[in-house]
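Notes for the one structure printed next.
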Amino acid sequence: MENTPKAQPTADVGDMIQVNKGMYKGLKGKVMTVRESSVIVEMGVDSDSGEPVRTVINHRNYKKVKA
């Protein structure tokens, strides 16, 4: 039985990405953490609480953009 290669992360910490699927489609954010199958992205700051808005995005649901 042949081992199938796992999806390689396409973004690195500090890269800007644009979400192309799901609830945050079209929004851009900065990669904070890279995981095996996803990245944690900071999407901005909540205007009410002043806290950063972060979410988890699967590698197949975003593309890197130039900063």
Side-chain angles (χ1 to χ4, degrees):
M1 182 181 277
E2 187 175 317
N3 290 339
T4 57
K6 293 183 180 178
Q8 295 296 316
T10 59
D12 295 316
V13 173
D15 287 347
M16 291 296 292
I17 65 165
Q18 182 173 3
V19 182
N20 57 18
K21 260 188 179 177
M23 186 169 116
Y24 296 103
K25 183 177 181 177
L27 295 179
K28 295 179 183 177
K30 182 178 180 181
V31 176
M32 305 305 293
T33 306
V34 179
R35 303 267 183 197
E36 185 176 322
S37 62
S38 60
V39 290
I40 298 174
V41 180
E42 187 170 313
M43 306 295 272
V45 178
D46 186 341
S47 59
D48 294 333
S49 66
E51 294 185 11
V53 176
R54 294 184 179 151
T55 190
V56 178
I57 306 292
N58 191 291
H59 289 304
R60 65 179 175 249
N61 294 337
Y62 69 83
K63 64 179 178 178
K64 281 175 50 173
V65 294
K66 294 179 182 177

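Every value quoted in this text rests on a predicted model; they were computed, and no experiment measured them. Residues: numbered from 1 along the sequence shown.
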Are Val13 and Ile57 connected, step by step, through hydrophobic side chains (Ile, Leu, Val, Met, Phe, Trp, Tyr) whose heavy atoms are closer than 4.5 Å? yes
Hydrophobic cluster membership, with links at side-chain heavy-atom distances under 4.5 Å among I/L/V/M/F/W/Y: are Met23 and Val56 in one? no
When rounded to the nearest 0.5 angstrom, what distance separates [atom1] in [X] from [atom2] in [Y]?
X: Thr10; Y: Lys63; atom1: OG1; atom2: NZ; answer: 12.0 Å
X: Met32; Y: Met43; atom1: CE; atom2: CE; answer: 12.5 Å
X: Leu27; Y: Asn20; atom1: CG; atom2: CG; answer: 12.0 Å
X: Gln18; Y: Lys66; atom1: CD; atom2: NZ; answer: 14.0 Å
X: Arg54; Y: Ile40; atom1: CZ; atom2: CD1; answer: 8.5 Å

Please report the shortest heavy-atom distance between [X] and [Y], naming the atom on each side.
X: Val19; Y: Tyr24; result: CB-O, 3.4 Å
X: Val65; Y: Lys28; result: CG2-CD, 4.5 Å
X: Asp48; Y: Asp46; result: N-OD1, 2.9 Å
X: Val31; Y: Ala11; result: CG2-CB, 4.0 Å

His59 side chain near Val34 side chain, heavy-atom distance below 4.5 Å: yes
